[in-house]
Amino acid sequence: INVGNTPLVIPLDMVTECLESDQHSQALTYDYRELRGRPLPLINLRRHFDIEGAKAKRENIVVVSHGKYQLGLVVDHLLGEQQIVIKPLGSIFSQLRDISGSSILGSGQVALILDVPGMLQRMHEQEQGARHLDS
């Protein structure tokens with residue numbers, strides 16, 4: 001995927017489906033959308049990672065899942081499937097949240113690999129915390 005001019009990688013085995021967004025995301029990093037009658041938490045990756053660059057005319061939502069949790073990632077462009085070699089991050093980058101590794105694409109660009117299980121876990125924990133506050 002691309003967000004701005006930044007290539008990112010989502011492990012294909014975690015992608016459930018890709019949707020065209022019917023609206024541009026608001027100024028929120030985290031939001032919800034209805035998907036087949038159920039709420040789908042969304043993360044706008046541009047805001048989440050503070051990525052600059054031209055916005056796409058139409059955003060896309062990549063629905064990812066791990067275990068019983070689902071999450072929508074708002075992205076600018078879908079680039080398609082590629083086989084890549086995963087490079088672990090060095091110890092200097094061990095504190096990066098939501099990134100599990102990197103890869104060099106065929107174009108020579110370095111792409112960061114999203115930590116989808118970690119993102120889903122944090123989103124679930126945030127939802128649980130919000131429910132406890134509402135009680």
* To do: Begin from the C-alpha positions of Arg46 and Val74 and carry the test side-chain contact (heavy atoms from CB on, under 4.5 Å) through to its verdict.
  => CA-CA 8 Å; Arg46 176 181 294 277; Val74 180; over 6 Å; no
* Asked: Would you say Leu79 has more than 12 foreign heavy atoms packed within less than 6.0 Å of its CG?
  -> yes
* Asked: Could you walk me through whether Ile61 and Leu73 pass the side-chain contact (heavy atoms from CB on, under 4.5 Å) check?
  -> CA-CA 5 Å; Ile61 298 172; Leu73 303 175; over 6 Å; no
* To do: Tell me whether Val116 is reachable from Val9 by hopping between hydrophobic residues (I, L, V, M, F, W, Y) whose side-chain heavy atoms are closer than 4.5 Å.
  => no
* How about Leu96: does its CG atom have over 12 heavy atoms from other parts shown lying under 6.0 Å from it? -> yes
* To do: Identify the heavy atoms of Met123 and Leu42 that sit nearest to each other, and give their distance.
  => CE-O, 4.0 Å
* Report the residues that fulfil side-chain contact (heavy atoms from CB on, under 4.5 Å) with Ser103, sequence neighbours left out, ordered by chain and then residue number. => Ile84, Ile113
* To do: Would you check if Glu34 and Leu40 make a side-chain contact, meaning some heavy-atom pair closer than 4.5 Å?
  => no
* **Distance-only donor-acceptor check, side chains His48 and Asp98, under 3.5 Å** => yes
* Asked: Taking NZ, NE, NH1 and NH2 as the nitrogens, is one of them in Asp76 or Lys55 under 4.0 Å from a carboxylate oxygen of the other?
  -> no
* Asked: According to a 4.5 Å side-chain heavy-atom criterion applied to Ile, Leu, Val, Met, Phe, Trp and Tyr, with indirect links allowed, do Val75 and Ile51 form part of one hydrophobic cluster?
  -> yes
* For Ser21 and Arg33, which heavy atoms make the closest approach, and how far apart are they? -> CA-NH1, 4.0 Å
* Hey, are the side chains of Asn60 and Cys18 touching, using non-hydrogen atoms and a 4.5 Å cut-off? -> no
* Asked: Ile10 and Ile1: which non-hydrogen atoms are nearest, and at how many Å?
  -> CD1-CD1, 3.8 Å
* ILVMFWY network linking Leu120 to Leu8, side-chain heavy atoms under 4.5 angstrom -> yes
* **Closest heavy-atom pair and its distance - Met14, Pro117** => CE-CG, 3.5 Å
* Nearest-0.5 Å distance that lies between atom OG1 in Thr29 and atom CZ in Phe49 -> 11.0 Å
* Determine whether Leu112 and Ile92 fall in the same hydrophobic cluster, where Ile, Leu, Val, Met, Phe, Trp and Tyr are linked whenever their side-chain heavy atoms lie under 4.5 Å apart. => yes
* Asked: Taking all atoms of both residues into account, what is the closest heavy-atom pair of Pro7 and Asn2, and its distance?
  -> CA-OD1, 3.1 Å
* **Name of the residue among Leu19, Asn44, Leu45 meeting side chain to side chain contact (heavy atoms under 4.5 Å, CB included) with Glu59** => Asn44
* Asked: After noting the C-alpha distance and the side-chain angles of Gln70 and Val63, does the key distance pass the side-chain contact (heavy atoms from CB on, under 4.5 Å) rule?
  -> CA-CA 7 Å; Gln70 260 193 336; Val63 180; 3.5 Å; yes
* Asked: If Ile, Leu, Val, Met, Phe, Trp and Tyr residues are connected whenever their side-chain heavy atoms lie under 4.5 Å apart, and connections chain through other members, are Leu78 and Leu71 in the same group?
  -> yes
* Spacing of Ser102 atom OG and Ile86 atom CD1 [to the nearest 0.5 Å] -> 9.5 Å
* Asked: Can you tell me how far CD of Gln82 sits from CG of Leu12, rounded to the nearest 0.5 angstrom?
  -> 11.5 Å
* Distance-minimising heavy-atom pair for Gly101 and Leu89 -> CA-CG, 3.8 Å
* To do: Report the distance from atom CZ of Arg47 to atom CG of Asp31, rounding to the nearest 0.5 Å.
  => 10.0 Å
